[in-house]
Amino acid sequence: MTNPVHPSETFDFVIVGAGTAGCVLANRLSANPKARVLLIEAGGQDDYIWVRIPVGYLYCMGNPRTDWCFRTEGQRWLGGKALNYPRGRVLGGCSSINGMIYVRGQRADYDHWRQLGNVGWGADDVIHHFHKLEDFAAGDLGIHGEGGEVRIEKQRLHWPILDAIADAAATAGIPKRSSLTTSDADGVGYFSVTQRRGLRWSAATAFLRPALKRPNLTVATKAVAQRILFEGQRAVGVEYDQDGVLKTARANACVILAAGAIGSPHLLEVSGVGDANRLKALHIPVVHHAPGVGENLQDHLQLRCIFKIRGAATLNERVRTLFGKARIGLEYALFRSGPMSMAPSQLGLFARSDASVETPDIEFHIQPLSLDRFGEPLHAFPAFTIAPCYLRPRSRGSVHLTGPDVGQAPKIDPNYLSDPHDRLVAANALRLTRRIVAQEPLRRYAPVEYVPGFHFHTDEELAQAAGQVGSTIFHPIGTARMGQDAGAVVDERLRVHGLEGLRVIDASVMPTITSGNTNAPVMVIAAKGAAMALEDSGF
C-alpha cells in the first residue's frame, strides 16, 4: 500500500497523519490528477487481523502496534485517576480501532459553529458532504446518502436484554427510533455502524485503498513527523523519520496537519507554533505565537453504570466456557454475526437531562456485558452496562508538549467535570439511568445496581459517583480550534492564523464538540477542508 519516498522530494500537498481525516484528504486531494500528494503515517499497515474484525478493538487499543498508548494526567474530579487514552497509530487511525458508531451530531452543533463566526460551517453548509460520503445499506435515502465511500449498516446481532432496555426507555417516555444517525431528537434504538457484512469499514478501507492506484498519491508508513519546516512565516514542508532515515518532503501548495486532537497541536508546538512563553521555557525557537494551540480540549465522559440481572442471557456467561467461545467463533465464521461482529456499544439512547434543554444533551451507550475496567475479564455474573455521557460539556482541558523532542509523549489533561454544570448534569444523567432501569419491562430481570451503587442520592453524592465510574469515550476535539478571536488557531478555511502554507484539518479544529460520536463529523471536516485546500491552491 505504500510507495518508496526519496530522502528529499517535492509534492503539492503533504499530509501528516493517515487517520480518518488524513485518509479522506488523501482521497479527495489526489482525485485531482494535477495535485501530487504525500500522506505520512507514523504507524504501519492496517493488515492486522483484529483491525478488520469488529470486536478486535479489544486487541487494538493498548497495543503499540495500533495505538499511541497515551495516558492522561490524574483527574481531580475522577478521584485522581489517570486514564488510558487510545489514539490510532495505523493506517485508518482511530477509525481502525474505534467503536464504529456512525452519528452525525445535531444541526444545532454546526449552526453554533457558524454563529461563532465560522462562515460556511452551518448545518445547511455541511449536510451535502454527509450525503456524498455515505452509503447506507437501508433507511430513508431522503435523510441518508447512498453510493458514497462509507458503508453504514445495521448491526448483525440481537439481544433480548437490549430489547427490554429499549422497551423500558420507551415506557419512560423516550420513543423508539429506527435510526440514531442524528441526535436531534430523543430516541432509543440500535446504533448504525461503519461495517460491511460484519467487517470493519475503516477510513483506510473506504477512502485510502481506492485512491492508491492513482500515480499522484504517495503513502509513507512508519514515518514519524519530526517538525514542520518554515521559511519565514510560510510552511514549506515536513521533516520526518522513516525507519531511522531522516527525510524531507517539501510542499508547493501547503502542509496539512491531520494528526488529530492530540497529534496536531503537539507537532505545532514542537515546530515552534504555540504559546511563546511555553516554547521558550523548553528552548524551542518561536516561529509564531499562537496561545490557543493545545487549549480548548473537550471530550465526552461516559459514566459506566452496571446492573446485575437474572433470567436473561448476556455476554458475561457466553465467554465463560470453551463451548460458549467456540460457538461465538463459529457464528462469526459462518455468518459474520454474533458477538465478534459487535460494536463496543450496540443499543443507543439520546435524551435530555432536564426539561429545559432544547435538544438531547445525554447519549447512552448500552451493552449486554460488564467488566471492572476496559481490557479486563468480563464479570462472572449476568449483567448489562448502561453508560450515559454529557454531550455538550463545559469543562475544558489541554494538551501540551513536555519537551522539544516529538518522541516525548504530550501532557494530556481533559479536566473532566471541572465545571460545576457538568457535575450537575452527571448527577441528573445517573438519575435518568435509574428511572429507565426501574420501568416495568425490566422488572422481570430484577436489575440491581452494582456500580456505582444505590447509596448515592444527592447531587454531591452522585457527582462523586460520576467521578468514580467516569471514563473517556475517546472523543477528544478542539485543540486547534476554528475561529476569529485571539485564541483561535485556524480560520474558517482551516488555515493557521498568522502563517502561510499551513492548515489543520481534523478533530482539533472543532470549536465545540458535536452531540454524539465524532468520527462522522471528522470525515465531513476533511472532505470540506480538502475542497477548500484545492480551491485556495488554484487546482
Side-chain angles (χ1 to χ4, degrees), residues 7-8 14-17 40-43 64 68-74 82 85 87 89 220 222-251 254-297 396-415 476 478-481 486-490 495-504 506 508-509:
S8 181
V14 176
I15 307 165
V16 178
I40 298 171
E41 167 56 38
W68 283 96
C69 300
F70 292 132
R71 282 180 65 79
T72 71
E73 297 295 296
Y85 217 63
R87 297 284 87 198
R89 184 174 181 165
K222 297 185 178 179
V224 181
Q226 302 296 301
R227 64 188 179 104
I228 305 162
L229 301 174
F230 290 94
E231 291 180 359
Q233 297 301 102
R234 181 176 182 82
V236 296
V238 174
E239 184 179 81
Y240 63 100
D241 182 296
Q242 186 178 38
D243 295 326
V245 178
L246 197 62
K247 298 183 177 182
T248 299
R250 294 185 66 87
C254 70
V255 172
I256 301 176
L257 301 190
I262 306 302
S264 287
H266 190 211
L267 185 59
L268 283 170
E269 289 187 329
V270 169
S271 304
V273 180
D275 181 81
N277 291 330
R278 177 176 288 109
L279 301 181
K280 289 176 182 176
L282 292 171
H283 307 290
I284 295 174
V286 177
V287 173
H288 178 61
H289 174 58
V293 171
E295 295 296 309
N296 192 50
L297 175 62
R396 298 291 184 267
S398 62
V399 53
H400 290 298
L401 79 175
T402 55
D405 183 354
V406 74
Q408 296 175 260
K411 176 181 177 180
I412 303 170
D413 183 9
N415 209 18
T479 49
R481 70 174 173 87
V489 177
V490 300
R495 300 170 297 199
V496 175
H497 285 298
L499 295 172
E500 297 179 357
L502 181 61
R503 296 173 186 258
V504 182
D506 57 27
S508 63
V509 305

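No hydrogens, no waters, no symmetry mates; every other heavy atom, side chains included, goes into these values.
Scanning both residues, E295 and S398, for their nearest heavy atoms gives OE2-CB, 3.8 Å. The heavy-atom pair separating G292 from V489 by the smallest distance is C-CG2, 3.6 Å. Heavy atoms only, all atoms of each residue included: G260 and P265 are closest at O-CD, 3.5 Å. Scanning both residues, H400 and V293, for their nearest heavy atoms gives CE1-O, 3.1 Å. Closest approach of A261 and S508 over heavy atoms only: CA-CB, 3.7 Å. Closest heavy-atom contact between G274 and L279: N-CD1, 3.7 Å.
Looking at R234 and L499, their side chains never come closer than 4.5 Å, going by heavy atoms from C-beta outward. Using a 4.5 Å heavy-atom cutoff, the side chains of D243 and K222 are in contact. A heavy-atom distance below 4.5 Å is found between the side chains of V287 and Q233. Taking the side chain as every heavy atom from C-beta outward, L267 and L257 approach each other to under 4.5 Å. Between Y240 and L246 there is no side-chain heavy-atom pair separated by less than 4.5 Å. Put simply, the side chain of H289 reaches to within 4.5 Å of the side chain of P291, judged on heavy atoms. In this structure, V286 and K280 have side chains that are in contact, with non-hydrogen atoms separated by less than 4.5 Å.
Here the CD-CG distance, from E73 to D413, works out to 6.0 Å after rounding to the nearest 0.5 Å. The SG atom of C69 lies 9.0 Å from the CZ atom of R89; values are rounded to the nearest 0.5 Å. In this structure, OG1 on T479 lies 12.0 Å from CZ on R396, to the nearest 0.5 angstrom. Atom CZ of F70 and atom NE2 of H266 lie 7.5 Å apart (nearest 0.5 Å). From D405, atom CG reaches atom CG of L282 across 11.5 Å, with rounding to the nearest 0.5 Å. Atom NE2 of H497 and atom CZ of R495 lie 9.0 Å apart (nearest 0.5 Å).
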(request) Decide yes or no on side-chain contact (heavy atoms from CB on, under 4.5 Å) for I228 and L268, but give the supporting numbers first. (result) CA-CA 7 Å; I228 305 162; L268 283 170; 4.0 Å; yes
(request) Could you go through the side-chain contact (heavy atoms from CB on, under 4.5 Å) check for I15 and E41 one step at a time? (result) CA-CA 9 Å; I15 307 165; E41 167 56 38; over 6 Å; no
(message) Before you tell me yes or no, could you show the steps for L229 and V238 under side-chain contact (heavy atoms from CB on, under 4.5 Å), namely the whole-Å CA-CA distance, both residues' side-chain angles and the distance that decides it to 0.1 Å?
(response) CA-CA 5 Å; L229 301 174; V238 174; 5.8 Å; no
(message) Pair N415, L297 - check side-chain contact (heavy atoms from CB on, under 4.5 Å), show working.
(response) CA-CA 9 Å; N415 209 18; L297 175 62; over 6 Å; no
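R87 forms no cation-pi arrangement with W68, by the criterion of a distance under 6.0 Å to the ring centre and an angle within 45° of the ring axis.
With sequence neighbours left out, R250 forms a side chain to side chain contact (heavy atoms under 4.5 Å, CB included) with T10, E231, V236, T248.
Results of the side-chain hydrogen bond (donor to acceptor under 3.5 Å, both in side chains) test with E239 over R227, Q226, K247 single out R227 as the only residue that passes.
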